[in-house]
Amino acid sequence: TASPVGLASARTPASGGAGAQAPTSGASSSSAVQATLLRGRVLAADGSPVAGVPVELVRPELRTFSLLDLTPIPRNESVGTVTSDAEGRFEFTCERGQPYDLAARSGIFSAFVGERHAGEEVTLLLAPDRRVRGRVTVSAGSPASGAEVRARVRGPEWRPARRFETVCDDDGRYELLLPPGMDESL
């Protein structure tokens, strides 16, 4: 399970808020603190920092199996969310040795980076989301008003899929915004 300390210690570096750590003395304690921080920056496509972007830290896990077909049911556990500062910087306090995924979204731009660990410096490069549009009809050709459309978005094979959902309008039309660089199935 995720450490409650990870959630309490998620912070924007400049905030100095409740999750801020007191200064430490001595090189050994300072390096221990450094080893538990997962830091990074949110950047626009041109390389400029982006302030005010929510960054979510997710701990992917395979928790259970279906008794019917013995396939893993992936679940992601959100550890916390922080907002990037004026220089696009963010940081989380994490358990060492545990892999984490990071996701950021700002309007129609998003970024996703998987399999990162405490002690790393990560760059989240915002890219335009992919719009997936369509129309759902029933066999007679009339619109399927109110039909649910779901997309499963995968990164590497061994990572849990993320799920996105929407409902068709009165004409059976739908639109989903999906993160860039991932495979989807509707």
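Because the structure is predicted, anything quoted here is derived from the model rather than measured.
In terms of the side-chain contact (heavy atoms from CB on, under 4.5 Å) criterion, residue partners of Thr166 (sequence neighbours excluded) are, by chain and number, Val149, Tyr174, Leu176.
Going from atom CD of Glu148 over to atom SG of Cys168 covers 9.5 Å, rounded to the nearest 0.5 Å. If you take CD on Glu115 and CG on Asp101, they are separated by 7.5 Å, rounding to the nearest 0.5 Å. The OG1 atom of Thr36 sits 6.5 Å away from the CZ atom of Arg96 when rounded to the nearest 0.5 Å. Taken from CZ in Phe90 to CG in Leu102, the straight-line distance is 5.0 Å, to the nearest 0.5 Å. For the atom pair CG of Asp171 and OG of Ser145, the computed distance is 9.0 Å after rounding to the nearest 0.5 Å.
Between the Asp85 side chain and the Ala51 main chain, no donor and acceptor come within less than 3.5 Å of each other. When atom types are taken as modelled, the side chain of Asp46 and the backbone of Ser48 share a donor-acceptor pair closer than 3.5 angstrom.
Across all non-hydrogen atoms, the minimal contact from Gly88 to Pro49 is N-CB, 3.9 Å. Residue Val55 comes nearest to Phe92 through the heavy atom pair O-CZ, 3.4 Å, listed as atom of the first residue, atom of the second, then distance. Between Pro54 and Gly52, the shortest heavy-atom contact is CD-O, 3.6 Å. The two residues Ser84 and Val42 have their closest heavy-atom pair at CB-CG2, 4.1 Å. Taking every heavy atom of both residues into account, Gly107 and Asp129 meet most closely at O-OD2, 4.2 Å. Contact detail for Val113 and Thr123: the closest heavy-atom pair is CG2-O, 3.9 Å.
At least one side-chain heavy atom of Pro99 sits under 4.5 Å from a side-chain heavy atom of His117. With a 4.5 Å cut-off on side-chain heavy atoms, Arg131 and Glu175 count as touching. At least one side-chain heavy atom of Arg135 sits under 4.5 Å from a side-chain heavy atom of Pro143.
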Could you walk me through whether Tyr100 and Val79 pass side-chain contact (heavy atoms from CB on, under 4.5 Å), step by step?
CA-CA 9 Å; Tyr100 292 93; Val79 176; 3.9 Å; yes
Worked verdict on Thr93 versus Leu37 for side-chain contact (heavy atoms from CB on, under 4.5 Å)
CA-CA 5 Å; Thr93 300; Leu37 293 179; 3.5 Å; yes
What's the verdict on side-chain contact (heavy atoms from CB on, under 4.5 Å) for Val53 and Phe109, showing C-alpha distance, side-chain angles and the deciding distance?
CA-CA 10 Å; Val53 176; Phe109 296 90; over 6 Å; no
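For the salt bridge (Lys or Arg N to Asp or Glu O under 4.0 Å) with Glu121, the qualifying choice from Arg39, Arg41, Arg89 is Arg89, the only one to do so.
Leu57 is not connected to Leu43 by any chain of hydrophobic side-chain contacts under 4.5 Å among Ile, Leu, Val, Met, Phe, Trp and Tyr, and they are in different clusters.
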